[in-house]
2 protein chains.
Amino acid sequence: MATHGARGRSGGRPTLEEVAARAGVGRGTVSRVINGSPRVSDATRAAVEAAVAELGYVPNTAARALAANRTDAIALVVPEPETRFFAEPYFSDMLKGVGAALSDTEMQLLLIFAGSDRERARLAQYLAAHRVDGVLLVSVHADDPLPDLLAQLEIPAVISGPRSAAETLPSVDSDNYGGARQAVEHLLSRGRSRVAHITGRLDVYGAQRRVDGYRDAMSDAGLGVDEGLIEAGDFTEEGGHRAMTVLLERHPDIDAVFAASDVTAAGARRALRDAGRRIPEDVALVGYDDSAIARHMEPPLTSVRQPIEEMGRRMTDLLLTEVADRRPLASRGLERRQMVLATELVSRSSS
Amino acid sequence: MATHGARGRSGGRPTLEEVAARAGVGRGTVSRVINGSPRVSDATRAAVEAAVAELGYVPNTAARALAANRTDAIALVVPEPETRFFAEPYFSDMLKGVGAALSDTEMQLLLIFAGSDRERARLAQYLAAHRVDGVLLVSVHADDPLPDLLAQLEIPAVISGPRSAAETLPSVDSDNYGGARQAVEHLLSRGRSRVAHITGRLDVYGAQRRVDGYRDAMSDAGLGVDEGLIEAGDFTEEGGHRAMTVLLERHPDIDAVFAASDVTAAGARRALRDAGRRIPEDVALVGYDDSAIARHMEPPLTSVRQPIEEMGRRMTDLLLTEVADRRPLASRGLERRQMVLATELVSRSSS
DNA sequence: ATCACTGGTGGGAGCGCTCCCACAGTACCT
DNA sequence: AGGTACTGTGGGAGCGCTCCCACCAGTGAT
């Protein structure tokens with residue numbers, strides 16, 4: 001029963017057929033047992049399991065993938081260069097959540113970076129080859145073609161952070177609107193009233209929602225919305241510094257700032273210091289993300305925490321469901337396939 | 001020509017057979033073309049390539065893996081929890097190098113964490129299923145059973161940092177011995193003579209080699225080796241602090257310290273400050289790794305830089321070679337399958 | 001007794017490739 | 001002319017699974 005030719009088999013991993021022979025059953029039965037089908041008698045199942053153990057049988061993934069037309073793998077696609085991925089705790093937390101959701105599954109996780117054009121081309125090729133059953137998409141910009149590609153290939157996908165209010169993909173997001181409100185209301189409750197907002201990149205939907213939250217919190221408090229108190233940032237420290245400088249020039253009497261990210265807040269802090277303003281005595285500062293930066297800032301920064309790990313877990317659960325019922329997502333009603341998780345304000349001495 | 005049953009084919013990815021029909025050639029010929037075999041006439045090749053393009057053909061990886069008994073994937077196995085992986089720039093640099101080496105290859109990289117027992121069990125299963133053609137092993141401890149498992153499964157592997165002088169696996173390492181010598185010689189050239197050393201975890205071979213380098217540099221300089229100037233650390237900040245405290249007690253006249261890692265140096269720095277010693281006036285300090293910590297320390301830390309990205313690239317090249325000639329590694333002479341890369345001293349104001 | 005059913009089971013066919021053998025054609029010797 | 005040695009090509013067999021159809025008891029209703 002030699003294999004044909006001199007193919008590089010190293011000594012012989014047992015096959016399902018050999019397990020069947022050993023257990024004295026048919027191939028189909030072994031397949032049923034290893035796939036956990038209920039339509040197998042207890043005695044047979046025990047016999048098969050014994051044979052599996054004796055032979056040290058491990059199913060051949062390639063054969064299974066070929067026959068069943070699935071890969072038992074999903075990809076976490078990060079449309080950023082590795083560098084940013086590692087720099088931000090966001091991704092590490094996300095990964096932890098994804099790992100947790102996958103841990104009692106057969107599913108394998110692939111981590112794919114698509115920061116450069118070259119990497120994106122590889123990714124497209126990879127997806128076209130259907131080497132994954134589903135895709136987890138994080139931090140996707142509004143004009144990214146990736147979701148469309150996925151839809152066209154009919155590969156299930158879940159996105160973290162909808163691209164717009166009209167997002168068609170299933171998504172898991174934190175409550176950017178609510179988080180922003182929490183931040184502003186916190187500042188108001190501390191007796192501040194001239195509260196400025198430095199936004200994130202406004203082509204990111206979540207950044208828009210934070211602006212909305214800021215606006216509504218201000219007007220609900222009867223303070224009205226002074227557009228001059230809003231200045232666009234871009235999630236970077238440099239942007240934060242620049243925006244804060246502009247704001248101080250325009251409104252020297254600002255007594256509080258809500259920044260759309262901790263990094264932005266760090267930039268704002270520098271500008272405030274440059275201008276001789278004390279934190280929090282003269283100006284209170286609140287950031288967003290509750291990252292390591294927030295904890296290590298001088299003074300420690302009040303910040304809005306997003307449940308990132310939880311988001312990773314939820315996204316994964318959602319994706320696994322989609323993969324399991326294997327229908328292209330868009331074709332279904334979006335019922336409750338879009339979830340929003342609550343944020344939490346972590347109060348420190350900057351406010 | 002319908003597929004049998006109602007298997008979830010979504011509309012029909014073209015198969016190699018269809019490409020063959022379209023190009024008016026046989027299956028074998030198409031296979032030769034897409035695998036870059038030279039034994040195809042130019043005219044035929046052109047015809048096949050045209051058909052591939054028209055049909056948008058992408059080879060089915062599962063079928064290929066099954067027939068050819070390979071997976072076109074290698075794994076980077078990190079025997080640490082995700083947290084440490086992300087905390088240390090080491091891994092991110094390594095990943096960059098690996099990615100670069102893989103970038104003009106069909107090979108896919110999998111990132112696998114094996115920090116917990118549970119994850120290790122999954123990994124073992126994964127490897128047993130032969131889902132990768134080769135494995136890149138980083139930061140493996142001396143008693144790790146993983147390399148043996150790999151050998152037993154006959155899966156090619158390359159290790160970063162040999163486990164001992166008798167390492168049997170192909171490896172790529174930086175010159176720990178030479179790096180340590182550089183550090184110590186640098187301190188001596190600055191006029192220091194009471195140079196202490198805080199070691200790393202001594203069950204890590206590289207840490208041992210650094211001690212060797214320290215010893216030889218001291219004795220070659222005619223200073224002899226005072227064992228009292230050597231104190232064991234464990235690569236952590238806490239360990240560095242503790243060791244430094246001990247050293248200061250034992251030898252209050254120390255005028256320089258070579259720490260086995262930047263993190264260790266950070267701990268040592270704290271202990272020195274606690275004891276009222278100024279850096280570098282009273283005590284000069286040199287670390288190892290040239291991490292972000294070194295650049296941001298107060299004062300900036302002189303450190304030994306390892307070419308991590310380069311190591312990643314070399315490891316990958318080595319592994320690809322091993323995979324390509326597909327013979328189990330141990331069975332071959334280890335010729336020059338173990339390489340050592342030079343380090344570089346980055347001088348800053350701490351020394 | 002006959003006729004449904006039901007839970008269990010065996011095994012053929014097929015997934016889309018790669019490998020290799022066979023063979024046609026051409027070229028260059030004897 | 002016949003041999004030998006290529007290059008280029010077609011297609012059978014097989015990789016190890018899953019799927020599904022056929023079938024074989026039993027069981028209970030008729």
Side-chain angles (χ1 to χ4, degrees), chain A residues 1-10 12-21 23-48 52 55 57-72 106 128-131 326, chain B residues 1-10 12-21 23-48 52 55 57-72 106 128-131 326:
Chain A
M1 208 102 329
T3 53
H4 68 118
R7 297 276 200 84
R9 290 279 309 276
S10 48
R13 290 215 279 145
T15 68
L16 180 144
E17 184 111 37
E18 288 165 35
V19 173
V25 302
R27 270 184 2 263
T29 301
V30 177
S31 179
R32 259 163 247 140
V33 170
I34 63 177
N35 288 295
S37 159
R39 330 197 120 276
V40 181
S41 72
D42 289 349
T44 309
R45 162 168 291 115
V48 171
V52 165
L55 262 30
Y57 170 73
V58 178
N60 180 315
T61 335
R64 174 177 283 178
L66 179 59
N69 195 31
R70 61 192 161 82
T71 66
D72 291 323
E106 292 287 79
H130 282 260
R131 293 185 66 171
R326 259 238 206 302
Chain B
M1 206 104 324
T3 53
H4 68 119
R7 298 277 200 83
R9 290 282 306 279
S10 47
R13 289 215 279 146
T15 69
L16 180 143
E17 185 111 36
E18 289 164 33
V19 174
V25 301
R27 265 183 8 260
T29 301
V30 177
S31 179
R32 260 163 245 140
V33 170
I34 62 176
N35 288 295
S37 158
R39 332 195 118 279
V40 180
S41 72
D42 290 348
T44 308
R45 162 168 292 113
V48 171
V52 165
L55 261 30
Y57 171 73
V58 178
N60 180 316
T61 336
R64 174 177 282 178
L66 179 59
N69 196 30
R70 61 191 161 80
T71 65
D72 292 322
E106 293 286 77
H130 282 259
R131 293 185 66 169
R326 258 240 206 299

Original post:
Taking for each residue the nucleotide of DNA chain C bearing the nearest heavy atom, is the 5' side occupied by B/P59 or by B/R32?
Top reply: B/P59

Original post:
If you pin B/A62 and A/T29 to their nearest nucleotides in DNA chain C, which one's is more 5'?
Top reply: A/T29

Taking side chain as C-beta onward, heavy atoms only, is [X] less than 4.5 Å from [Y]?
X     : Y      : result
A/L16 : A/N60  : no
B/R64 : B/R70  : yes
B/N69 : B/H130 : no

Take the protein atom [atom1] of [X] and the nucleotide atom [atom2] of [N], then report the distance between them rounded to whole Å.
X     : N      : atom1 : atom2 : answer
B/N60 : C/dG14 : CG    : P     : 18 Å
B/L66 : C/dC19 : CG    : P     : 12 Å
B/R45 : D/dG8  : CZ    : C1'   : 11 Å
B/R70 : C/dT18 : CZ    : C1'   : 8 Å
B/I34 : D/dT9  : CD1   : P     : 15 Å
A/R39 : C/dG8  : CZ    : C1'   : 8 Å
A/E18 : D/dC15 : CD    : C1'   : 13 Å

Per [X] side chain, nearest of listed nucleotides [options]:
X     : options                : result
B/T15 : C/dC17, C/dT18, D/dT18 : C/dC17
B/L16 : D/dG10, D/dT18, C/dC17 : C/dC17
B/A67 : D/dG10, D/dC17, C/dC17 : C/dC17

For [N], does OP1 or OP2 lie under 4.0 Å from any side-chain N or O of [X]?
X     : N      : result
B/R64 : C/dT18 : yes
A/S41 : C/dT9  : yes
A/S31 : D/dT18 : yes
B/N69 : C/dT18 : no

**OP:** Name the residue closer to the 5' end of DNA chain D, choosing between B/D42 and B/A63 according to the nucleotide with the nearest heavy atom.
**Re:** B/D42

**OP:** Determine the contact category for B/R27: base if any of its heavy atoms lies under 4.0 Å from a base atom, sugar-phosphate if only primed atoms, P, OP1 or OP2 are that close, otherwise nothing.
**Re:** base

**OP:** Give one of base, sugar-phosphate or nothing for B/T44, where a contact means two heavy atoms less than 4.0 Å apart.
**Re:** sugar-phosphate

**OP:** Could you grab the distance from atom OG1 of B/T61 to atom CG of A/L66, nearest 0.5 Å is fine?
**Re:** 10.5 Å

Original post:
How long is the span from the CD atom in B/E18 to the OG1 atom in B/T15, to the nearest 0.5 Å?
Top reply: 4.0 Å

